[in-house]
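Below, chains carry the letters A, B, ... as their sequence lines are ordered, and counting in each starts from 1.
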2 protein chains.
Amino acid sequence: MEKRSKIPEPTVARLPIYFRCLIELKENGVAVASSEDMAARAGVKASQFRKDLSYFGEFGIQGLGYPVSHLLDRISSIMQLNKEHEVIIAGAGNLGSALLNYPGFQKWGFKITRVLDNNPQKIGKKLGDITIEDIQDIPKNLNSSIGIIAVPASAAQQVAQTLIQSGVKAILNFSGKKISPSKDIVVRNVDMTHELAILTYYLSVENK
Amino acid sequence: MEKRSKIPEPTVARLPIYFRCLIELKENGVAVASSEDMAARAGVKASQFRKDLSYFGEFGIQGLGYPVSHLLDRISSIMQLNKEHEVIIAGAGNLGSALLNYPGFQKWGFKITRVLDNNPQKIGKKLGDITIEDIQDIPKNLNSSIGIIAVPASAAQQVAQTLIQSGVKAILNFSGKKISPSKDIVVRNVDMTHELAILTYYLSVENK
DNA sequence: ATTGATTTGTGAAAAATTTGTCAATATAGA
DNA sequence: TCTATATTGACAAATTTTTCACAAATCAAT
């Protein structure tokens, strides 16, 4: 595992889409799918699907198509979805709770192991099976490499630092506040307010 | 309002980032900011910031920079963030509740006016100030142009249809299921599971 | 074994997006 | 008023990403 550096990021972002399509096909008992089939399901061009895969190897059979099960295994392995990942959620508010119970996570192998907060009212309370812990008391070397920031914008940077200190290597940030980049830490930002704003922009151009 | 068609979508997606930076600058009492300042805050190159703005007009003063307040007004108006937007949430589960209380929405002028569900256990119950309504009973002509889908994947397509029938023109879809595109309806998908998968991919290439 | 119908993988072309550069222009100070 | 400094807006170049198009490969049928 060393040479697959320069994969375009749009390609990486499409892999989960393909993964989802393949699961569906497998559940439907489809054994083989052509790039046209896959592309139609995924909402992309067939040539794009083939090009995307080509960065990782050759998975198809010319004249036939792609063996669903095999391709699923391969993409699974490329994205590391063949193993379980422990995830820490920082922020036991509405969003944190929603994420804890988000059905998709478990299905894809993401297991929430801890929920943190700094509110004394919440610390010690249970959220499902999990007891909310004081974010201050978090040990240094956890083996969760993924952290989710579901705290208010004002606390985001501080929380990020804490997570990183406890060994988190990848952060999914819902706070809306940009986190100043740290070496070797991968961050993705999801900003739901931005998404709504993008919608209203397009609404206004549609009704030109 | 008619000619601003071909704006690159990455440009549109950056406007909310600029918007957020400008709010911060204004709150800090900064009157003028250069493209360098703005770009550093937004995490982009200065030339990109200027290029992005150039699609919409000229907002800066050469030798000086951009008057924060004026630029804020302009971007506000371009993105329609100078008016309030009514939003319907479909799905009164954990995610729906989280979105209802999401502090960012109100601040940017998005007002949740209705929460819908199909679960008889939930219909009639209150969620904050809002009474959960039966999604079947929704009238045809609401003046909310934005709907949020926060239901399980299996129900997503059906719910989308219902929302569209009641006048929704833009959909923010959290279900993970692709919604088959309808004419004149803008859809954006947020898939949190995909985001985690993208993180695990990058984790594995980082540790190459 | 040969033919015909498919469909992949890929190199090259096209399109889209980002970045660099600089003339034009505004401000502030002498 | 003139000069030095700063910074925009836009054009051009560079880079990235998508799309095209076709040779090579596989299968099924004769």
Discussion item. So that I know where these two stand, are B/Y66 and B/F49 an aromatic pair - ring centroids less than 6.0 Å apart?
Written reply: yes

Response to the item:
A/D37 CG to C/dT6 C1', in whole Å, measures 12 Å

Fill in: Atom-pair distance (CG on A/L71; C1' on C/dT8), nearest Å
13 Å

Worksheet item: Nearest-Å distance, CZ (B/F56) to P (D/dA10)?
Response: 14 Å

Discussion item. Treating B/T11 as the side-chain partner and B/I7 as the backbone partner, does any N or O pair qualify as donor plus acceptor under 3.5 Å?
Written reply: no

All N/O pairs under 3.5 Å across the protein-nucleotides 14-18 of chain C interface:
unit_1, atom_1, unit_2, atom_2, d
C/dT18, OP1, B/R14, NH1, 2.9
C/dT18, OP2, B/R14, NH2, 2.8
C/dT18, OP2, B/Q48, NE2, 3.4
C/dT18, O5', B/Q48, NE2, 3.1

Worksheet item: Is B/E86 paired with B/K111 through a side-chain N to carboxylate O contact shorter than 4.0 Å?
Response: no

Worksheet entry | Whether over 12 other heavy atoms sit under 6.0 Å from A/K177 NZ | no

Fill in: Between CZ on residue A/F19 and CD1 on residue A/I75, distance to nearest 0.5 Å
8.5 Å

Using the 3.5 Å cut-off, write out each protein N or O paired with an N or O of nucleotides 5-8 of chain D and the distance between them.
unit_1, atom_1, unit_2, atom_2, d
D/dT7, O4', B/G63, N, 3.1
D/dT7, O2, B/G63, N, 3.2
D/dT8, OP1, B/S35, N, 2.6
D/dT8, OP2, B/S35, OG, 2.5
D/dT8, O2, B/Q62, NE2, 2.4

Worksheet item: Hey, are A/R188 and A/E9 close enough for a salt bridge, meaning a charged N less than 4.0 Å from a carboxylate O?
Response: yes

Fill in: Donor-acceptor contact present, side-chain A/Q80 to main-chain A/S77, <3.5 Å
yes

Worksheet item: What's the spacing between B/I146 CD1 and B/L172 CG if we round to 0.5 Å?
Response: 9.0 Å

